[in-house]
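A quick write-up on the structure given underneath.
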Protein chains: 2
Amino acid sequence: MTLRTLRNANAPTLKDLARIAGVSPITASRALHRPELVAEATRLRVAQAVEQSGYVPNSLAGGLTSRQTRLVAAIVPSVGHSLFSDMLDALIHTLAAQRYETTLGISSYDPEHEETWLAAMLSRRPDGIVLTGTEHTARTRRLLVNADVPVVELWDYQPHPLDMVVGFSQEDAGRAAFRHLAACGYRRPAILRADDSRAARRALGFTRAAAEAGAPVPAQIVFSEAIPQSGRGRDALNALRAQAPEADAVFCSSDALAQGVLSHAHALGLRMPEEFGVLGFGDQALALDAWPALSTVRVDGAAIGRLGAEALIARMAGGVAAAAQDVGFEVVGRGSTRGHQAAR
Amino acid sequence: MTLRTLRNANAPTLKDLARIAGVSPITASRALHRPELVAEATRLRVAQAVEQSGYVPNSLAGGLTSRQTRLVAAIVPSVGHSLFSDMLDALIHTLAAQRYETTLGISSYDPEHEETWLAAMLSRRPDGIVLTGTEHTARTRRLLVNADVPVVELWDYQPHPLDMVVGFSQEDAGRAAFRHLAACGYRRPAILRADDSRAARRALGFTRAAAEAGAPVPAQIVFSEAIPQSGRGRDALNALRAQAPEADAVFCSSDALAQGVLSHAHALGLRMPEEFGVLGFGDQALALDAWPALSTVRVDGAAIGRLGAEALIARMAGGVAAAAQDVGFEVVGRGSTRGHQAAR
DNA sequence: CTGTTAGCGCTTTCAC
DNA sequence: GTGAAAGCGCTAACAG
């Protein structure tokens, strides 16, 4: 099983490099990492020696001594969901620009997976940790506290983070969704959503806003998948019309689902938006061009990734960063509402 | 800038753990990693010591000695494209199941980025490397050869890989696309595609198949974005009808684009599939349920990721694996054609 | 089943 | 501007 040969056991080391350049190992190291401390001529001789020998530094050894790895460990629930992939893309790019590399875990929406992943990651001594969401196991929290490493929780805003947080309030987004539909004149909006805790919290906000407005309790259809695709639109709409025939609008837990519903509603001959309203959730910036009848609660995943990375970078460099950033959201299409935005 | 304090400088080490458990460090190490070599009672005492001290192993030190990191460095062009994210997801999961972790780079379709990323990654001494595509700079190739590390190139099949390859032939996919449209009775199919080298190779196959069939040279509209979204469908179709009014079918370089085109074609009142045919490319398994008029060249990104990971795992464990695996593709919708599949 | 010795490749610290 | 000594935390190799 683990019979690997000692591959490339005689790769050139810093010592070899130093010998070739005719300097001591430490001078070679400085020529590579802190060239301003070294004479130009020396630097050139070392650079030439690198070329000649094909030297590749060993950052395991470097990290062991310096206690810095320039590694950030990040975990997301899924890479297939465009919301998270935009966030991830921005995160990785922003970190890479400061020469931090990212190792990626996928939790599949399971805090136990996250815990297992974290335990494994911590042994690599990352300089920073990125988690998605704010639900973690007790051991996850304990490991993080003991490790004493900068942590940023992305996506869900909450006022009391583990360390730092960048995101928006799911409940507020749900409230805004209801108010948008109500303002558009719909009287019996329903909810069509995935079985995931964040969508559930949005549904809660939606339901509360309905109660506050004195509207009837919205019907709620829950799909068992975490990420229903657009192809599920037909089933979804059929289920809705069977279980809540009175509904005159629907808040879908993703843009893809909303597009699928809309497309099937067209096929059924429903007049939209007059007769039936469809509201999505996500960041597909272009969806509205293609389907003018659609509205959506738009979240800027890229901004969350970028701001999260920036906060982490500040802390990793020994600085301070805002502990909590609420980036808000926006309801777009046929009358827009902007979510709140604040930082503390 | 780099004034970080030596964070957590007194975290417990293996030595501490050993002292607490009343054994030597090497025995503690074995109790952790090779429990079968250690007496049950000893193992328990060490486990207890871990609990008591909050010990977290340091795999930098471990890797330095053992020359094994259980780290795989992978790079993809983009995480936002569903094809790559499916592949990535399968890759990461398959590796994680064997206790390999993945660090992720994003090339943005640029071989120079890939080179820079690789140079940085190699210093972490990964056990394996995953690249997307087969276009690499000369230095990338040289670094890889010198590093003497298992490499798998995903996505594009080619018979002579750097080390191992798992993918399909873009040109064959393009050929199959043409033949499918021709078999459906379309006489003047056109191409609507992104400006990326793989889409270009599919277009080449498409054009060659047309030539072989004695059909006129297909019109080709190239978008400047690498990943046109469905919202671009309207512009795309308008451009097509302006520049190639004779076209009676179109091969789109992504499913999202195809959906957008289809949706707008509906709006224009085109009768489909009789009057106008739309063929996509991708893996959105559900697209066809929602849009029965659509066909697509379907690629199984998840299979590529899984098979690639399996090949790499075999090599990392010191075994052998097929050097080249062509996983093929499938044309689905209104008469299906299956792409080839082979392994060597 | 357990321990001793040595050293992985690098950077810190202190000296010149 | 450069170097010598020491050690980061762990595991391979060998011995018992």
Side-chain angles (χ1 to χ4, degrees), chain A residues 2-46 49-50 53-70 122-125 147, chain B residues 2-46 49-50 53-70 122-125 147:
Chain A
T2 319
L3 302 176
R4 288 178 55 258
T5 63
L6 293 191
R7 188 205 312 143
N8 218 6
N10 42 17
T13 69
L14 193 63
K15 215 158 144 187
D16 301 322
L17 191 71
R19 187 160 2 87
I20 296 175
V23 296
S24 72
I26 181 60
T27 298
S29 170
R30 286 187 190 122
L32 262 23
H33 302 300
R34 320 203 46 193
E36 71 280 8
L37 296 182
V38 150
E40 179 64 8
T42 311
R43 201 185 58 65
L44 278 171
R45 296 227 308 288
V46 172
V50 168
S53 62
Y55 172 74
V56 175
N58 183 327
S59 61
L60 298 174
L64 187 57
T65 314
S66 67
R67 289 160 184 285
Q68 257 217 127
T69 54
R70 299 205 82 83
L122 284 178
S123 72
R124 297 192 191 276
R125 299 295 189 265
Chain B
T2 321
L3 301 176
R4 287 179 55 260
T5 63
L6 294 190
R7 188 202 314 139
N8 219 7
N10 43 16
T13 71
L14 193 62
K15 215 159 143 187
D16 301 323
L17 192 70
R19 186 159 4 86
I20 295 174
V23 296
S24 72
I26 183 65
T27 299
S29 170
R30 287 187 189 120
L32 262 23
H33 303 300
R34 320 202 47 193
E36 72 280 9
L37 297 182
V38 151
E40 177 65 6
T42 310
R43 201 185 59 62
L44 278 171
R45 295 227 308 289
V46 172
V50 168
S53 62
Y55 172 73
V56 175
N58 183 328
S59 62
L60 298 173
L64 188 58
T65 312
S66 67
R67 289 161 183 287
Q68 256 216 132
T69 54
R70 298 205 84 83
L122 285 178
S123 73
R124 297 192 191 276
R125 299 296 188 265

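Within every chain, numbering begins at 1; the chains are lettered A, B, ... in the order of the sequence lines, protein sequences first and strands thereafter. Just so it is clear, the structure is predicted and the values come from calculations on it, not from any experiment.
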Taking [atom1] from [X] and [atom2] from [N], how many angstroms apart are they, rounded to a whole number?
X: A/His33; N: C/dT11; atom1: NE2; atom2: C1'; result: 9 Å
X: B/Leu17; N: D/dT11; atom1: CG; atom2: C1'; result: 15 Å
X: A/Arg34; N: C/dC10; atom1: CZ; atom2: P; result: 17 Å
X: A/Lys15; N: D/dA5; atom1: NZ; atom2: C1'; result: 13 Å
X: A/Glu40; N: D/dG1; atom1: CD; atom2: P; result: 11 Å
X: A/Leu32; N: C/dC10; atom1: CG; atom2: C1'; result: 12 Å
X: B/Leu60; N: C/dT11; atom1: CG; atom2: P; result: 13 Å
X: A/Asn58; N: C/dG7; atom1: CG; atom2: C1'; result: 14 Å

Answer with yes or no whether [X] presents, from its side chain, a donor or acceptor under 3.5 Å of a partner atom in the base of [N].
X: A/Thr65; N: C/dG9; result: yes
X: A/Thr42; N: D/dG1; result: no
X: B/Arg30; N: C/dG3; result: yes

Closest to the [X] side chain: [options]?
X: B/Leu64; options: D/dC8, C/dG3, C/dG9; answer: C/dG9
X: B/Pro25; options: D/dT11, D/dC8, C/dT11; answer: D/dT11
X: A/Thr13; options: C/dT2, D/dG3, C/dC10; answer: C/dC10
X: A/Leu14; options: D/dT2, C/dC10, D/dA13; answer: C/dC10
X: A/Tyr55; options: D/dA4, C/dC10, C/dG7; answer: C/dC10
X: A/Ser24; options: C/dT12, D/dA4, D/dT11; answer: D/dA4

* To the nearest 0.5 Å, how far apart are OG1 in A/Thr27 and CG in A/Leu37? ->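 Output value for this atom pair is 10.5 Å.
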* Asked: Measuring from B/Leu60:CG to B/Arg124:CZ, what's the distance to the nearest 0.5 Å?
  -> 9.0 Å
* Asked: With distance as the sole test, does A/Arg34 use its side chain to make a donor-acceptor pair with the main-chain N or O of A/Ala31 at under 3.5 Å?
  ->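 No, the answer is negative, given that no donor and acceptor are paired below the 3.5 Å cut-off.
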Short side-chain N/O contact from [X] to OP1 or OP2 of [N], under 4.0 Å:
X: A/Arg67; N: D/dG9; result: yes
X: B/Arg43; N: C/dC1; result: no
X: A/Ser29; N: C/dT11; result: yes

* With a 4.5 Å heavy-atom cut-off, do A/Tyr55 and A/Leu32 have their side chains touching? ->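 Heavy-atom side-chain distance check passes, below 4.5 Å.
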* With a 4.5 Å heavy-atom cut-off, do B/Leu64 and A/Asn58 have their side chains touching? -> yes
* Using heavy atoms to find the nearest nucleotide of DNA chain C for B/Leu37 and B/Ala61 separately, return the residue whose nucleotide is more 5′. => B/Leu37
* With side chain to side chain contact (heavy atoms under 4.5 Å, CB included) as the test, would you mind laying out the steps for B/Leu17 and B/Ile20 before giving the verdict? => CA-CA 5 Å; B/Leu17 192 70; B/Ile20 295 174; 5.6 Å; no
